[in-house]
> 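I'd like to ask some things about the structure below.
Convention: sequence-line order gives letters A, B, ...; per-chain numbering from 1.
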Protein chains: 2
Amino acid sequence: MNEKIKILIADDHPLYREGIKQTLAKIECVISECSNGEEAIKLILEQKPDVAIVDLRMPVKSGLDVLSELAGGQNNAKIILLTMYENLNYFYQAVSFGAKGYLLKGNAVDELIPAVKEVFAGGVFVSVNLRNEIDSVHKKEYEHKALIFSINTLTEAEKKIVKLVGDWKTNGEIAELLSISKRTVENHRAHISEKLNLRGTHSLIRFAIQNREFF
Amino acid sequence: MNEKIKILIADDHPLYREGIKQTLAKIECVISECSNGEEAIKLILEQKPDVAIVDLRMPVKSGLDVLSELAGGQNNAKIILLTMYENLNYFYQAVSFGAKGYLLKGNAVDELIPAVKEVFAGGVFVSVNLRNEIDSVHKKEYEHKALIFSINTLTEAEKKIVKLVGDWKTNGEIAELLSISKRTVENHRAHISEKLNLRGTHSLIRFAIQNREFF
DNA sequence: TTAAAAATGAGTAGTTCTACTCATTCATAA
DNA sequence: TTATGAATGAGTAGAACTACTCATTTTTAA
């Protein structure tokens with residue numbers, strides 16, 4: 001990577017632009033700058049920078065406006081969005097508008113150069129905090145779906161028993177309440193534990209209490 | 001009770017005064033009325049009624065104002081407060097100002113005559129709903145104190161074990177974590193259950209989870 | 001109508017915990 | 001200094017639950 005990267009910085013805060021310039025001083029680059037979204041659009045079309053580092057919150061036009069107005073155009077500037085907050089909605093919008101990078105200001109010092117290099121090389125870059133956030137949201141969604149799925153494999157009789165287990169009833173009490181044999185309750189519990197992939201003496205009670213809402 | 005009871009009704013809502021009068025028509029009484037707290041004080045001092053039925057919320061001066069201004073005076077009017085809400089703070093204030101009756105409007109139709117008779121005879125009267133409320137609050141306070149007391153009889157080693165039981169650890173796991181014998185953990189659990197008056201296989205787990213905050 | 005799934009029940013072995021009793025060591029407070 | 005409580009440990013019996021296997025009857029869906 002010997003050629004100088006042409007970079008545009010768009011941020012309404014001069015001090016912040018300065019910080020970005022200082023950080024980028026470690027790589028070979030030509031930097032131009034502006035302080036709002038409208039200027040950013042104009043300069044990206046005129047100067048055709050390789051990479052544009054654009055603040056999400058700017059006067060006149062926001063970073064998302066810049067992305068949406070340039071989307072599908074002839075320019076080939078890779079746009080990196082800069083923002084304060086770990087709001088996934090903005091991130092998803094930015095991605096849908098064709099952003100190549102999404103940097104949290106808190107991570108910017110460490111990640112700015114890697115991000116510029118990555119998007120310049122044709123890749124994408126997302127701040128590690130946001131990646132973790134996305135992972136955890138996906139994980140939670142997956143776990144929730146898996147939970148609902150497992151619960152739906154339970155039959156009505158089995159669900160009844162889970163409910164009573166969650167009310168701290170013993171097998172003997174459940175048998176009495178449902179007018180069935182204690183052995184039948186034990187068998188149901190075994191089937192339930194198998195379906196829910198539970199093992200150990202208290203795991204079903206724990207499950208029943210933690211997922212009380214579904215029973 | 002053959003003499004006519006002299007009753008003052010103080011309520012800013014004429015319709016409500018009418019309802020009270022209709023209800024009191026079943027007993028021998030002489031009724032006068034007014035529509036705010038200031039008038040009520042004046043009439044109580046002038047007419048010296050036996051019983052004053054005073055709304056808590058009134059313009060100019062409230063029922064509590066009436067009570068506090070007459071407190072310690074020479075009048076011997078027994079004051080019954082009328083109110084909408086089961087707010088115990090108002091009740092306690094009213095009692096401290098010397099109210100002889102505290103009636104909830106929801107209970108008034110049934111309780112008005114018993115209340116008037118009771119306070120006229122020198123007793124006190126509190127709406128049944130409020131009595132229940134007070135009982136339940138006292139019961140909760142008592143139970144809470146009893147709980148704190150039992151928990152404080154536990155030794156440090158025992159508290160540690162309750163915490164781990166609440167984390168769904170088995171005796172074997174607890175033994176390993178604390179580097180003591182499984183039999184010792186079992187003995188501690190036995191002592192704990194005795195102190196807390198618990199019995200049954202799951203009762204300690206249940207206790208530990210429900211009172212997690214104390215460990 | 002027939003095959004699969006669900007609900008019911010039991011046998012047997014093993015784990016986890018309770019419910020008693022008892023003993024040893026240690027610190028601390030009377 | 002002695003005795004009391006706290007922490008540690010164990011014996012034994014039984015209750016509660018798991019972890020398999022198996023069987024019968026009923027319901028449901030193909």
> On the 0 to 90° scale, with breaks at 30° and 60°, tag the A:Phe91-A:Tyr102 ring pair as parallel, tilted or perpendicular.
perpendicular
> What pair of heavy atoms forms the shortest contact from A:Leu104 to A:Leu130, and how long is it?
CD1-N, 4.0 Å
> According to a strict under-4.0 Å criterion, is B:His202 in side-chain N/O contact with OP1 or OP2 of D:dC17?
yes
> Main chain of B:Leu56, side chain of B:Thr83: is a donor-acceptor contact present, judged purely on distance under 3.5 Å?
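No; zero donor-acceptor contacts below 3.5 Å.
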> Please work out if A:Ala190 contacts a base, only the sugar-phosphate, or nothing of the nucleic acid, heavy-atom cut-off 4.0 Å.
nothing
> Figure out the CD/C1' separation between A:Glu156 and C:dT8, and round it to whole Å.
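Answer to the nearest Å: 17 Å.
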> Nearest to the side chain of A:His188, which nucleotide is it out of D:dA6, C:dA7, C:dG9?
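Selected nucleotide: C:dA7.
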> With heavy atoms under 4.0 Å as the rule, sort B:Thr184 into base, sugar-phosphate or nothing.
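The answer is base, as B:Thr184 lies within the cut-off (heavy atoms under 4.0 Å) of a base atom.
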> Within the structure, does a side-chain N or O atom of B:Ser181 lie under 4.0 Å from either OP1 or OP2 of D:dA10?
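Answer yes for this pair, as a side-chain N or O of B:Ser181 is under 4.0 Å from OP1 or OP2.
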> Choose from C:dT8, D:dC17, C:dT18 the nucleotide whose nearest atom is closest to any side-chain atom of B:Leu204.
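Of the candidates, C:dT18 comes closest.
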> For B:Trp168 and A:His202, take the angle between the two ring planes, folded into 0 to 90°, and tell me which bin it lands in: parallel under 30, tilted 30 to 60, perpendicular over 60.
tilted
> Between atom CD1 in B:Ile180 and atom C1' in D:dA6, what is the gap in whole Å?
13 Å
> I want to verify a distance call: between D:dA19, C:dC17, D:dT12, whose nearest atom is closest to the A:Arg199 side chain?
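The nucleotide sitting nearest to the side chain is D:dA19.
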> So what does A:Glu186 hit on the nucleic acid, given a heavy-atom distance under 4.0 Å: a base, only sugar-phosphate, or nothing?
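Base contact.
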> Within this structure, what is the CZ-to-C1' distance between B:Arg189 and C:dA19, rounded to whole angstrom?
13 Å
> NE2 of B:His191 versus C1' of C:dT21: gap in Å, rounded?
11 Å
> Just the rounded figure in Å: distance from C1' of C:dT8 to CD1 of A:Ile161.
11 Å
> Output the rounded distance in Å from CD (B:Glu194) to C1' (D:dG5).
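To the nearest whole Å, that distance equals 14 Å.
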> Between atom CD in A:Glu158 and atom P in C:dA5, what is the gap in whole Å?
13 Å
> Separation of A:Ile192 atom CD1 from C:dA6 atom P, in whole Å?
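Computing the A:Ile192:CD1 to C:dA6:P distance gives 13 Å.
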> Determine the contact category for A:Thr201: base if any of its heavy atoms lies under 4.0 Å from a base atom, sugar-phosphate if only primed atoms, P, OP1 or OP2 are that close, otherwise nothing.
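Here A:Thr201 touches the backbone only, sparing every base.
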> Which is more 5' along DNA chain D, the nucleotide nearest A:Ser193 or the one nearest B:Val185? Just name the residue.
B:Val185
> So does A:Asn187 reach the base of C:dA7 with its side chain, donor to acceptor, closer than 3.5 Å?
no
> Between A:Lys140 and A:Glu143, is the closest basic N to carboxylate O distance under 4.0 Å?
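Not counted as a salt bridge, because no side-chain N and carboxylate O are separated by less than 4.0 Å.
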